[in-house]
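Below, chains carry the letters A, B, ... as their sequence lines are ordered, and counting in each starts from 1.
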4 protein chains.
Amino acid sequence: MSEPSKTPPTSKDVRPGPGRKRSEASRLAILSATRELIGELGYERLSIGGIASRAGVGKDTIYRWWPSKGMVVADAVLEEAQPFYLAPPARSGSVDQDVRAWVHALARDFVDPVRAGRIRAVTAAASEDPATAERLYERFTQVQRTGLIDRLRLAAEAGEVRPDADFGAVVDAILGSLMYWVTARRADLSIASVDSLLDVLLRGLRVAPESEPEPADGRKA
Amino acid sequence: MSEPSKTPPTSKDVRPGPGRKRSEASRLAILSATRELIGELGYERLSIGGIASRAGVGKDTIYRWWPSKGMVVADAVLEEAQPFYLAPPARSGSVDQDVRAWVHALARDFVDPVRAGRIRAVTAAASEDPATAERLYERFTQVQRTGLIDRLRLAAEAGEVRPDADFGAVVDAILGSLMYWVTARRADLSIASVDSLLDVLLRGLRVAPESEPEPADGRKA
Amino acid sequence: MSEPSKTPPTSKDVRPGPGRKRSEASRLAILSATRELIGELGYERLSIGGIASRAGVGKDTIYRWWPSKGMVVADAVLEEAQPFYLAPPARSGSVDQDVRAWVHALARDFVDPVRAGRIRAVTAAASEDPATAERLYERFTQVQRTGLIDRLRLAAEAGEVRPDADFGAVVDAILGSLMYWVTARRADLSIASVDSLLDVLLRGLRVAPESEPEPADGRKA
Amino acid sequence: MSEPSKTPPTSKDVRPGPGRKRSEASRLAILSATRELIGELGYERLSIGGIASRAGVGKDTIYRWWPSKGMVVADAVLEEAQPFYLAPPARSGSVDQDVRAWVHALARDFVDPVRAGRIRAVTAAASEDPATAERLYERFTQVQRTGLIDRLRLAAEAGEVRPDADFGAVVDAILGSLMYWVTARRADLSIASVDSLLDVLLRGLRVAPESEPEPADGRKA
DNA sequence: GACTAACCGAGACGGTACGTCTTGTCTTGGG
DNA sequence: CCCAAGACAAGACGTACCGTCTCGGTTAGTC
């Protein structure tokens, strides 16, 4: 979940060669110090020097393995990310049940102040460095997005939801809402609101009970 | 749209007193230079000194009137924000038409690279300074949010949409999606996706055609 | 002792014309505030803004009448300089008595901590601004120097001291010693040391008791 | 003549420890740039940033090793101070010859415009910062003072000069005069004046040729 | 008694320098 | 070759003053 990002020793391309091996202790100390300092200072006031000093590590050891502060933060947060929401939703029941259960689990995590702080840190990191954004998207967002989309597609095949909806847009609305609540609105992310949004979305996705003639009016494209 | 932020001369509480008056030319030069530099450098590489130098202004003149880089950016962007999406959606037709028209207009703005860059800048500013976040929320997000919510409430009174939905959550899903697309996903915000999301949401909000028995299953709270 | 230095209303060249007259109250407040702040902060940490604020005066009122911080300090100190050492030494006795009495009076002033602080301030002012140095030399040092030299010349005419000595050099040694003690050596200026120096100098100036054959050896030029 | 002033590695108290060593090249570049800028701008208009920029060095490298502008100037000037006047006067002849030779050498240095400029700079530095004054006194003035006093004391033992004079006061008059000429009087320091002062002082120090009864009159203490 | 010019307080202005902080690189000595 | 320590060049930070420039408001004269 956080191998060297700069020179990833992908399998065999690096000869074991002479020289001291990378210190796992240092790597862990750096990521752990980073998580601590995110909690104490937030992303902006975090500094590479501060992490090195807290971790009892030379600054160069950080620069040797990570290209930027954002990447360190990304790895630090990813390392402790809960595994359950990197797994796709269950397929054992109705879409409603499965999606709701999965989103609830994620939302509960977002509600925790420590986790929310890390989400904000990681968001700030992404917003100032495209490479970090890319990494986070690949390793975090995309996994969730794909999992949810696939579950919806399965439901479509099962005839539970309309097959012609843009599932990507729907999933983005769910994940975007959560992000929006912990970053932009900084407010009370309530489980009730999440639930209510899911109500509307799932109802909107449901196959028309009869021959409802299309949304009809107001469509642009 | 960008009166002094530090000592807002709220109506009459500031006597015209002695001393040179604030230079409107400087204020405009600062905000204009800020917008230019956001486009050229992005928020992170923007510096107070750089703004001052580009604007032909002393750094103190910036620090005298704004408490942080974020606030300068907020004012710079707010000053040129289009007025139409600070106005509420029209009430002249179906909810579908009115909401769609309003969201389209906003989305078209988000698609413009210059505007999108400013949105990202303003988002970064908000994510590193709560005071800036607060200002932006008050002056930008809240206005839009309230406008949309009120339009939905009106529709509820008119029997167009279900009155028991959490309109706040729905609106946050719309605005959150847009934010999410220009910041986190950094991807192609397509009008088609926006439209598709609106389809699902509006359909989900529509009053049940008959005695649909409630979402029923999977509800948590 | 401290008329306007910038635009000295030398007699008649300025028509009395209409317009408000210079405020004597402001002038006094400025010089007085300057003396206070010299005591509290020393010359280096003194600022024009600080003087203006302490004096309850606009900065421009200072800049209108004085060209530099050094000049304000010069005037502030000159205004309260004791008159006795701006008068020449008495001519009522032996050179020894007259010179010693005059130098004692001056030295006693230099020993006072407040006065010594002002001397140091004025010295710093002179060392950073030639115009201030010039003004202080004219109004302070030169007066003393000329007075002492004249007294020694009178003694030479009276046959009390050797007429071929360089009285300027001797007087500079006296005044230079005092300056040196309060500025460079920052040490204990003791009246005893002054006395001892005067012993040596006056003895060295005394006419040779008999046909002493000249210093003879070691002369360079 | 200019080891680190902040953390002087006095012999063994600093373990050689890990970490990059202080760059001698930077140290020399800083002191050399300082001397250049003293000549071009004078002490007052000298700035740390200017020194750093001229030396091709970061500001921090200056602040790391010197506590103030004054100290940098002190080290810069001390480093190129001529060694001869930090050595005591010769003891190879009459006091007259030895003292005169030594003072001439010093005075010739003071006459040189570049050296005089440095003396003025160092004086200004001392006058605005006690710590700098202390350092300069220890490393420069005190050495000269002690050397001269010792030579006079030796002469006293040899019966060349009166043993009861305050040699400190006499030496201060010599050194003070020189300082006074280059700083306060800003005037023509002429070798002739120095010589004349030495005439008077040395004559005044000479043992009374016969039973001269004491200065007698006018003595205070 | 109005006019008018200069002075005054206040304080904003464009600048320069400050001393601190952080960045990313380089160097040293030890493992 | 890795690592901790830490010096280095670069440059942004926010503060303090500089000396200049409006602002209204206040005094004197002169019409």
Protein-nucleotides 14-18 of chain E N/O pairs under 3.5 Å:
residue : atom : partner  : partner atom : Å
dG14(E) : OP1  : Ser26(B) : OG           : 2.9
dG14(E) : OP2  : Gly58(B) : N            : 3.4
dG14(E) : OP2  : Thr61(B) : OG1          : 2.9
dC18(E) : OP1  : Ile48(D) : N            : 3.0
dC18(E) : OP2  : Ile48(D) : N            : 3.0
dC18(E) : OP2  : Gly49(D) : N            : 3.0

Worksheet item: Is Arg20(B) near enough to dT22(F) that one of its side-chain N or O atoms lies under 4.0 angstrom from OP1 or OP2?
Response: yes
Worksheet entry | For atom CD of Glu24(D) and atom P of dC8(F), their distance in whole Å | 11 Å
Practice prompt. Quick one: list whatever passes side-chain contact (heavy atoms from CB on, under 4.5 Å) with Ala25(D), sequence neighbours left out.
Written response: Ser23(D)
Fill in: Rounded distance in Å - CD1 (Ile62(B)) to C1' (dA12(E))
14 Å
Response to the item:
With sequence neighbours left out, the residues meeting side-chain hydrogen bond (donor to acceptor under 3.5 Å, both in side chains) with Thr123(C) are none
Practice prompt. Taking only the side-chain nitrogens and oxygens of Lys21(C), find out if one of them lies under 4.0 Å from OP1 or OP2 of dG29(F).
Written response: yes
Worksheet entry | Short N-O contact, Asp75(B) and Arg135(B), less than 4.0 angstrom | yes
Practice prompt. Rounded to the nearest angstrom, tell me the gap between atom CZ in Arg22(B) and atom P in dC23(F).
Written response: 15 Å
Item to complete: Establish, for the pair Arg27(B) and Trp65(B), whether the NZ or CZ atom is under 6.0 angstrom from the six-membered ring centre and no further than 45 degrees off its axis.
Response: no
Worksheet entry | Set of side-chain hydrogen bond (donor to acceptor under 3.5 Å, both in side chains) partners for Thr34(C), sequence neighbours left out | none
Practice prompt. Take the protein atom CD1 of Ile30(D) and the nucleotide atom P of dA7(F), then report the distance between them rounded to whole Å.
Written response: 13 Å
Worksheet item: Arg54(C) CZ to dG9(E) P: how many Å, rounded?
Response: 16 Å
Side chains of residues 51-59 of chain C: which donor-acceptor partners sit under 3.5 Å, not counting sequence neighbours?
residue  : atom : partner  : partner atom : Å
Arg54(C) : NH1  : Glu36(C) : OE1          : 2.5
Arg54(C) : NH1  : Glu40(C) : OE2          : 3.1
Arg54(C) : NH2  : Glu40(C) : OE1          : 2.8

Worksheet item: Can you find a side chain N or O atom of Trp65(A) that sits less than 4.0 Å from OP1 or OP2 on dC3(F)?
Response: yes
Fill in: Distance, rounded to the nearest Å, where Glu44(B) contributes CD and dC13(F) contributes P
12 Å
